[in-house]
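These notes concern the structure reproduced below.
What you see is a predicted model; the values in this text were computed from it and never measured. Note that the numbering runs from 1 along the sequence shown for the chain.
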Amino acid sequence: KSSSSGSSSSSRGLNNTLREACADLDKVRSEWEEFQERNRRMYEQVVADLEIRESQLSRLGALRFDASQGSVDMDRERRDAEERLERVTTEFTETRFGKARDMIVR
């Protein structure tokens, strides 16, 4: 009978240990779920912020491309204007010297 009573006592001890372990597990699981829920909201906010930043970066990239293309276009126009100015200056100089020479001959 003492072995039966020892076995029963041991069973009660294991049952108590099991109940405590289950209670601890429930507590940890509850804390984990709360932690996960807090982080889920943070995660969703971070994802939303990243999407906004990605959109901003995309727009800035397009603006940078447009500005770069605008610089290339303006450089081309500047070179064209400088070439025209040089041609007109050369024509003017040739015409002026031609007229000056004609005036000397007369």
Side-chain angles (χ1 to χ4, degrees):
K1 196 167 186 176
S2 73
S3 73
S4 160
S5 130
S7 176
S8 163
S9 171
S10 177
S11 291
R12 276 192 299 263
L14 284 174
N15 283 340
N16 287 339
T17 302
L18 186 58
R19 279 190 203 106
E20 289 174 11
C22 285
D24 289 344
L25 179 61
D26 288 342
K27 181 181 175 190
V28 169
R29 183 176 289 155
S30 175
E31 290 172 359
W32 168 249
E33 288 171 357
E34 288 173 13
F35 174 79
Q36 197 174 24
E37 186 59 32
R38 278 193 317 269
N39 285 330
R40 180 177 298 124
R41 281 183 246 135
M42 279 194 236
Y43 176 78
E44 290 168 354
Q45 183 62 47
V46 167
V47 168
D49 289 348
L50 286 174
E51 289 173 355
I52 290 168
R53 299 300 179 255
E54 181 179 335
S55 174
Q56 291 172 337
L57 286 174
S58 178
R59 282 193 309 259
L60 289 174
L63 287 173
R64 182 172 65 180
F65 176 78
D66 292 346
S68 177
Q69 187 60 42
S71 293
V72 168
D73 292 345
M74 289 295 108
D75 281 345
R76 186 178 322 111
E77 287 183 31
R78 180 188 50 78
R79 281 193 306 273
D80 291 347
E82 287 173 349
E83 289 172 4
R84 282 192 308 267
L85 178 61
E86 189 174 327
R87 275 195 316 269
V88 168
T89 301
T90 301
E91 290 171 8
F92 170 78
T93 304
E94 289 173 356
T95 303
R96 190 179 82 181
F97 283 135
K99 287 185 179 184
R101 189 177 47 238
D102 289 346
M103 294 297 278
I104 293 174
V105 172
R106 289 186 189 176

Open item on the list: With salt bridge (Lys or Arg N to Asp or Glu O under 4.0 Å) as the criterion, how do K27 and D24 come out once you've worked through the C-alpha distance, each side chain's angles and the decisive distance to 0.1 Å?
Closed with: CA-CA 5 Å; K27 181 181 175 190; D24 289 344; over 6 Å; no
[atom1]-[atom2] distance between [X] and [Y], expressed to the nearest 0.5 angstrom:
| X | Y | atom1 | atom2 | value |
| --- | --- | --- | --- | --- |
| L18 | S11 | CG | OG | 11.5 Å |
| Q69 | M74 | CD | CE | 10.5 Å |
| L14 | R19 | CG | CZ | 11.0 Å |
| D80 | L85 | CG | CG | 12.5 Å |
| E83 | R78 | CD | CZ | 10.0 Å |
| R53 | L50 | CZ | CG | 8.5 Å |

Task: Salt-bridge criterion met for E37 and R41 (N-O under 4.0 Å) - done: yes
TODO: Output yes when R76 and D73 qualify as a salt bridge under the 4.0 Å nitrogen-oxygen rule, no when they do not.
DONE: yes
Open item on the list: Is it the case that atom CD in E86 sees more than 12 heavy atoms from other parts of the structure closer than 6.0 Å?
Closed with: no
Open item on the list: Is it the case that over 12 heavy atoms from other parts of the model lie below 6.0 angstrom from the CZ atom of R64?
Closed with: no
Open item on the list: If we count only N and O atoms by modelled type, under 3.5 Å, do the side chains of D49 and Q45 hold a donor and an acceptor together?
Closed with: yes
TODO: Tell me yes or no: between the side chains of N15 and R12, is some donor less than 3.5 Å from an acceptor?
DONE: no
Tell me whether [X] contacts the main-chain N or O of [Y] through its side chain, where contact means a donor paired with an acceptor under 3.5 Å.
| X | Y | answer |
| --- | --- | --- |
| S71 | A67 | yes |
| S30 | D26 | no |
| S58 | E54 | no |
| S55 | E51 | no |

Open item on the list: Counting C-beta onward and ignoring hydrogens, is there a side-chain heavy-atom pair between R96 and K99 closer than 4.5 Å?
Closed with: no
- [ ] In sequence, state the C-alpha distance, the side-chain angles, and the governing distance for R79 and E82, and then conclude on salt bridge (Lys or Arg N to Asp or Glu O under 4.0 Å).
- [x] CA-CA 5 Å; R79 281 193 306 273; E82 287 173 349; over 6 Å; no
